[in-house]
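Since the structure comes first, as C-alpha cells, the remarks are kept for the end.
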Amino acid sequence: MNRRNFLRNTVPAAVTLPAFINGFSFTAQGAETPLAKLLEQTLTDTDHVFVLVQLGGGNDGLNMVIPLDIYGNYYNARTNVAIPQSQVLRLDGTDKSGLHPAMTAMQRMFNEGKMSIVQSVGYENPSFSHFRDTDIWNSGDTRRNRRERVKTGWMGRYLESEYPGYPDAYPNADMPDPLAIQISNFPTLVMQGSIYSMGLSITNPEKIYTFVNPFSDYPLNAAPANKELRFLRVISEKTKIYSDIIRAAYQRAATMATYPNNNSLADQLKIVARLIKGGLKTRVYTVSMGGFDTHKRQVNAGDTTTGNHAKLLKDLSAGINAFQQDLEMMGLDERVMGMTYSEFGRRIKSNASLGTDHGAAAPLILFGKNAKKGILGTSPEIPADIQVVNNIPFQYDFRSVYASVLEQWFCVKQPALNNILLQNYQSLPLITGPCGVQDDPEVINGNSEDLLLKLWPNPYTINATLQFSTRGGNTQIQQINALGQVVKVLASGEYAAGVHNIDIYNDGLPSGAYFIRLQNQSLQKVISAMKVN
C-alpha cells in the first residue's frame, strides 16, 4: 500500500492531516540521509532563541531602506511611488540611508543600538517566483535541478544536527520542550529535517490538541504499511506531549508590554514572548505577515508615504518594537534575537499602477540587544538611465547571513556549519555576544573603499582587464546582468592580500549593462560595467 492510500484509508475524512498532526511533516524517508554524519556531533550548548519574521510576497526594500546618497537616481526611477526626501527617517551614524516614515518605532530601535540592516541581500539566480524563491530562502539551496535539490530547511538541518535522535529520544531532561515552534496553521520547509519536521505549528496555545493517539490500536506487523503506521504513531504521540507542554508554558506567563491592536504580526509575537517567558527552551520560532506583493496601489496617489506598503511597514515596525520592549521588561532581551526576510525584493523602476513588480535583492533586518548596530553594505546600484528590466544586484548572499546567525548566535563551529548550509559561505559581522564579532567599524558601516575594483576599458567590447584587491582569504567575483542574475564567475578561491588582475577576452556575453560584484571575506564591492558590440 502506498503512503497516499494508507493515509486516505486510515485517517477519518473529517480530519485534515496537517492540522491533525499539528504541523509535523508527512515525509517519511529512509534512515540513510546526507545528515547522518552530523548526528554524531555535539554542538555548543546555548540558551539563545531566534525568531524568523517572514514578509510574504516580496518586500519593496527600496521604499523600506531609502538610499539618500543616490536619492536623485532613486526618485527618477520611481517618481510615482518614491518617498519624499524630507520625510525619510534619519538614522544615527549615517547620512546614506534612512527608513520609511511609517517605521518610527524601528528608527528608535536602530538609534538605540538594537538593529542591524544588511543591504541588497539575495543570491545568484533569482527565479522571481513566490513559491520557488520562498523554498530557496527556506532551504538555502538554489540548485535548479529538482532531483538535486535538498528537501530540508536550513533551520531544520541545524536542529537535527543539534538534537540527534529526534523525535524518538525527546523530550528528555536536556531538552524537555519543542525544538521549534511555528505560529502558523501549516509547517514550512524552513524547519524540515531529513525525516520529520523539527517544529510544531500552532495558532492558539490554549486550544492545541488534546486528542488520544488514534493509531495506538493498529498492530505493528510485517505489512507494507508498518513503516507508515509507526511514523503516524510517533507523530501523534509527540504532538500530544508537546501540546501539553506548550499550553502549560503559555498559561504560566503574561506579556508586560503594550502590543498594537489590529496587528497580526504583533499578535504572533505576543504568543512567542509568553512562551519564552513561560520557560520553554525552544530554540527557534517563526512568525509571518503577508501582503507585500504590491504590484498596484502600493502607495496613495496623493501621498506616497501612505498606502498599503506604509501600513505593512508600520505594522512590522510597531510589532517588532513591542516584542523587543516586552523582552526587555521580562528580562529576556539578552537571550533573544530576530530577523526579517522576504522571498525577493521589487524592481527598481515602478509601474504605472502605483506599484512595483517582482525584483531581486532587498535589505534584511536583524533586531535585538545583540544586533550589531549599523548598516552593512552600500546603497543599491541604481543606474541614472533606468530601464524596466533593471534589478538590484545582490551585495550579500542570504546564506552568508544564515552563516552569521548560526556561528555568532548559536555558536556553531566548522565543519558542522558548512554541512548545515551545504557549502562554505562567508560570515558577516552582525551579532555581538559570546560567539559574536568584535567591533570593526569599517565593515559594519559598509566602508569597503579600501577594496579596489576597476574594469577598463568600460564600456568594453571583446577585451578588458579587471583589477581588484583583497585583504587575503576567500574571494569571489561575479558578473551580474540587469535582471540581477549571475552570468559569469570571474574569480572564486583563496587569494593573497594585495592587488590582482584578470584578463577578460571574448566572454560570449551579449551587449548590455552589467555589474561586477567582489566579495572578500565579509567585505564587498559592486561596480557598474557596460558591454557594447
Side-chain angles (χ1 to χ4, degrees), residues 52-67 74 77-78 80-83 99-100 102-103 117-142 184 188-190 264-265 286-299 304 307-317 319-320 339-365 377 380-382 386 388-399 401-402 480-486:
L52 287 164
V53 181
Q54 181 181 4
L55 312 181
N59 178 40
D60 182 13
L62 272 179
N63 268 22
M64 181 176 77
V65 180
I66 298 153
Y74 156 82
R78 41 173 58 201
N80 61 342
V81 303
I83 304 300
L99 294 180
H100 189 284
M103 302 179 70
I117 297 171
V118 188
Q119 290 276 29
S120 304
V121 181
Y123 63 95
E124 68 275 9
N125 201 0
S127 72
F128 311 113
S129 160
H130 292 294
F131 300 105
R132 178 68 190 123
D133 277 11
T134 298
D135 282 352
I136 286 171
W137 275 80
N138 284 339
S139 67
D141 185 5
T142 62
S184 170
T188 63
L189 179 61
V190 70
S264 64
L265 178 65
T286 69
V287 296
S288 63
M289 58 185 299
F292 286 89
D293 196 19
T294 52
H295 287 283
K296 57 184 179 181
R297 294 191 296 275
Q298 176 175 318
V299 302
T304 60
N308 292 334
H309 195 233
K311 173 65 166 60
L312 290 166
L313 293 180
K314 181 179 180 180
D315 286 352
L316 173 71
S317 177
I320 288 177
M339 181 184 84
T340 69
Y341 74 102
S342 191
E343 65 263 37
F344 45 66
R346 315 299 291 186
R347 290 286 176 92
I348 299 174
K349 189 173 181 61
S350 57
N351 60 39
S353 300
L354 298 177
T356 49
D357 299 320
H358 295 184
L364 175 154
I365 293 173
E381 289 285 331
I382 301 178
I386 192 72
V388 173
V389 298
N390 286 140
N391 254 320
I392 296 172
F394 76 104
Q395 296 178 38
Y396 296 102
D397 193 297
F398 71 99
R399 290 155 294 192
V401 179
Y402 293 175
I480 302 171
N481 66 14
L483 288 173
Q485 300 166 322
V486 173

(message) Show, in sequence, the C-alpha distance, side-chain angles and deciding distance for V118 and Q395, and conclude whether the side-chain contact (heavy atoms from CB on, under 4.5 Å) test is met.
(response) CA-CA 9 Å; V118 188; Q395 296 178 38; over 6 Å; no
(message) Could you measure the distance from the CD atom of E381 to the CG atom of N390? Nearest 0.5 Å is fine.
(response) 11.0 Å
(request) Indicate yes or no: does D141 engage R399 in a salt bridge with an N to O separation below 4.0 Å. (result) no
(message) Any non-hydrogen side-chain atom of L55 less than 4.5 Å from a side-chain atom of M289?
(response) yes
(message) If I take atom OG1 from residue T294 and atom CZ from residue F292, how far apart are they, to the nearest 0.5 angstrom?
(response) 9.0 Å
(request) Provide the closest heavy-atom pair for L312 versus G290 in the form atom of the first, atom of the second, distance. (result) CD2-O, 3.3 Å
(message) Any non-hydrogen side-chain atom of Q485 less than 4.5 Å from a side-chain atom of P126?
(response) yes
(request) Just jot down the side-chain hydrogen bond (donor to acceptor under 3.5 Å, both in side chains) partners of S342, sequence neighbours excluded, or say none. (result) none
(request) Check P393 against S120 and note the closest heavy-atom contact, atom names and distance. (result) O-CB, 3.8 Å
(message) With rounding to the nearest 0.5 angstrom, report the CG to CD1 distance, L99 to I117.
(response) 5.0 Å
(message) Quick check: do H358 and R347 have side-chain heavy atoms less than 4.5 Å from each other?
(response) no
(request) Check V389 against L483 and note the closest heavy-atom contact, atom names and distance. (result) O-CD2, 3.6 Å
(message) Do M64 and P363 make a side-chain contact, defined as non-hydrogen atoms from C-beta onward lying under 4.5 Å apart?
(response) yes
(message) Do R346 and N63 pair up side chain to side chain, a donor and an acceptor below 3.5 Å, judged on atom types alone?
(response) no
(request) Would you check if R78 and V299 make a side-chain contact, meaning some heavy-atom pair closer than 4.5 Å? (result) no
(request) Determine the sole option in I83, I382, V81 for which the side chain to side chain contact (heavy atoms under 4.5 Å, CB included) test with L62 is passed. (result) I382
(request) State the OH-CG distance between Y402 and L52, to the nearest 0.5 angstrom. (result) 7.5 Å
(request) Look up atom CG in L354 and atom CG in N308, then write down how far apart they are to the nearest 0.5 Å. (result) 10.5 Å
(message) I'd like to know if the side chain of Y74 and the backbone of P380 have a donor-acceptor N/O pair within less than 3.5 Å.
(response) no
(message) Please check this pair: side chain of S139 against backbone of D135, looking for a donor-acceptor N/O pair closer than 3.5 Å.
(response) yes
(request) Report yes if the side chains of Y123 and I136 come closer than 4.5 Å at any heavy-atom pair, otherwise no. (result) yes
(message) Quick one, L265 with V53, criterion side-chain contact (heavy atoms from CB on, under 4.5 Å). Give me CA distance, side-chain angles, the key distance, then yes/no.
(response) CA-CA 9 Å; L265 178 65; V53 181; 3.9 Å; yes
(request) Would you please say whether a donor-acceptor pair under 3.5 Å links the side chains of T286 and Q54? (result) no
(message) Let's go through I320 and T340 carefully: what are the C-alpha distance in whole Å and the side-chain angles of both, what is the deciding distance for side-chain contact (heavy atoms from CB on, under 4.5 Å) to 0.1 Å, and is it a yes or a no?
(response) CA-CA 10 Å; I320 288 177; T340 69; 3.9 Å; yes
(request) First locate atom CD1 of I480, then atom CD of E124, and finally report the distance between them rounded to the nearest 0.5 Å. (result) 10.0 Å
(message) For a 4.5 angstrom cut-off between non-hydrogen side-chain atoms, does N59 reach H309?
(response) yes
(message) W137 vs V190, test: side-chain contact (heavy atoms from CB on, under 4.5 Å). Steps then yes/no.
(response) CA-CA 8 Å; W137 275 80; V190 70; over 6 Å; no
(request) Please name the pair of heavy atoms, one in H100 and one in T304, separated by the smallest distance, quoted to 0.1 Å. (result) NE2-O, 4.4 Å
(message) Looking at every heavy atom in both R132 and T142, which two are closest together, and how far apart are they?
(response) NH2-C, 4.0 Å
(request) Could you tell me how the ring of H130 sits relative to the ring of F344: parallel (under 30°), tilted (30 to 60°) or perpendicular (over 60°)? (result) tilted
(message) Tell me the closest heavy-atom pair linking V121 and D397, and the distance in Å.
(response) CG1-C, 4.4 Å
(message) Whether the side chain of N80 engages the backbone of N351 through a donor-acceptor N/O pair (distance < 3.5 Å, no angle test) should be reported.
(response) yes
